[in-house]
Amino acid sequence: DASDEVRTRVTVISACAQDAAADTDPERIRENIETISSESSRMSGIISQLLMLSRGYEGRAHFEPEEIMLKEMVDSVAEELENMADARNIRLHNEVPEDIRVNADQSLMTQLFVNLISNAVKYGKDEKDEKDEKDGGNVWIQASDTGATVRIAVKDDGIGISAEDRKHVFERFYRADKARDRSGSGLGLAIVKWIVDMHGGTVSVQSEEGKGSLFILELPNKR
Ligand code: ADP
């Protein structure tokens, strides 16, 4: 799978580079260079996600759990993703109570929220009626202390995931058909699953097509 994804991109880049080298038309050359630039930055994204998932990285992964104030962490990720959310007219609602703490690795947990929240935005509600601002989508991040665990929910009112796709979304490279017109590598949720495993937790998904999706994490509570 990995080699297919990377090979396809290298083929495109190489063909565009050859065309550009043989061409004299400035406009066509510029278009080819733009394709080379976007394909190589996607490839670079895929490679860094692959490195994160590769066995070598898993062995060497820097894992330093510490006490984290969950609301603050979610705020900083939401800030990072604000432009992306604004561009799709989607509002992020950080509803995590102030007093929830988790014992987690700061950088891995940040990566996990970036992946879940950016998916919720990317596969969020499509603007049907541009005249009505209120019609945009929403993403809610919620958490509660269940005693044994801290339960975290990332919920959206977007396109949803079919029952068949729900069985596979945490697999490496799996992408639902509907996702194919949106950029991505199919590695984001595999990384989420890996990070949750590292923390001894679980992740699951519930969804209704056309209504939205709900990702639930359960992290062991080390109070
Ligand atoms: P991708 O790079 O394709 O986003 P992910 O591993 O993050 O890869 O997600 C796998 C697939 O799961 C996506 O291609 C998409 O079909 C589906 N998916 C993930 N999150 C959502 C969501 N919040 N709403 C609807 N579909 C989702």
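Counting starts at 1 for both ligands and their atoms, following the listed order. Basis for what follows: all heavy atoms, side chains included, without hydrogens, waters or symmetry-related copies. Just so it is clear, the model here is predicted, and its values are computed rather than measured.
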For ligand 1, find out whether one of its N or O atoms is nearer than 3.5 Å to an N or O atom of [X].
| X | result |
| --- | --- |
| Gly188 | yes |
| Gly186 | yes |
| Ile159 | no |
| Ala176 | yes |

Examine the proximity of ligand 1 to [X] and report which part, side chain or backbone, both or neither, has a heavy atom under 4.0 Å away.
| X | value |
| --- | --- |
| Leu187 | backbone |
| Ile161 | side chain |
| Tyr174 | backbone |

**Message:** Heavy-atom contact check, 4.0 Å cutoff: does Asn115 meet ligand 1?
**Reply:**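 Distance cut 4.0 Å: Asn115 fails for ligand 1.
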**Message:** So for Ala120, does at least one of its heavy atoms come nearer than 4.0 angstrom to any atom of ligand 1?
**Reply:**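 The answer is yes, since Ala120 has a heavy atom less than 4.0 Å from ligand 1.
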**Item:** Whether Trp140 and His93 hold their rings parallel, tilted or perpendicular, with breakpoints at 30° and 60°
**Value:**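 Aromatic pair Trp140/His93 classed parallel.
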**Request:** Quick one: list whatever passes salt bridge (Lys or Arg N to Asp or Glu O under 4.0 Å) with Glu208, sequence neighbours left out.
**Result:**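 For Glu208 the salt bridge (Lys or Arg N to Asp or Glu O under 4.0 Å) partners, ignoring immediate neighbours, are Lys211.
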**Message:** Under a 4.0 angstrom heavy-atom cut-off, which atoms of ligand 1 come close to Lys122?
**Reply:**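 Going through ligand 1 atom by atom, the ones under 4.0 Å from Lys122 are 1 (P), 2 (O), 4 (O).
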**Asked** Relative to the heavy atoms of Arg175, which atoms of ligand 1 are at a distance of less than 4.0 Å?
**Response**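 With Arg175 as reference, the close atoms of ligand 1 come out as 1 (P), 3 (O), 14 (O).
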**Request:** Output the distance between atom CG (Asp105) and atom CG (Leu112), rounded to the nearest 0.5 Å.
**Result:**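 One gets 11.0 Å once the value is rounded to the nearest 0.5 Å.
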**Request:** May I have the step-by-step check of salt bridge (Lys or Arg N to Asp or Glu O under 4.0 Å) for Glu31 and Arg28, ending in yes or no?
**Result:** CA-CA 5 Å; Glu31 278 168 17; Arg28 277 200 309 261; over 6 Å; no
**Item:** Lys71, NZ: over 12 other non-hydrogen atoms inside 6.0 angstrom
**Value:**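 Buried by this count: over 12 neighbours within 6.0 Å.
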**Asked** Do other residues, nucleotides or ligands put more than 12 heavy atoms under 6.0 Å from Glu79 CD?
**Response**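 For Glu79, atom CD is not crowded (no more than 12 foreign heavy atoms under 6.0 Å).
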**Request:** Check for a donor-acceptor pair, side chain of Asp157 on one end and backbone N or O of Gly137 on the other, with a separation under 3.5 Å.
**Result:**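 No, the answer is negative, given that no donor and acceptor are paired below the 3.5 Å cut-off.
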**Request:** Taking Ser40 for its side chain and Ile36 for its backbone only, find out whether a donor-acceptor pair lies under 3.5 Å.
**Result:**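 Side chain of Ser40 to backbone of Ile36, a donor-acceptor pair under 3.5 Å: yes, one is there.
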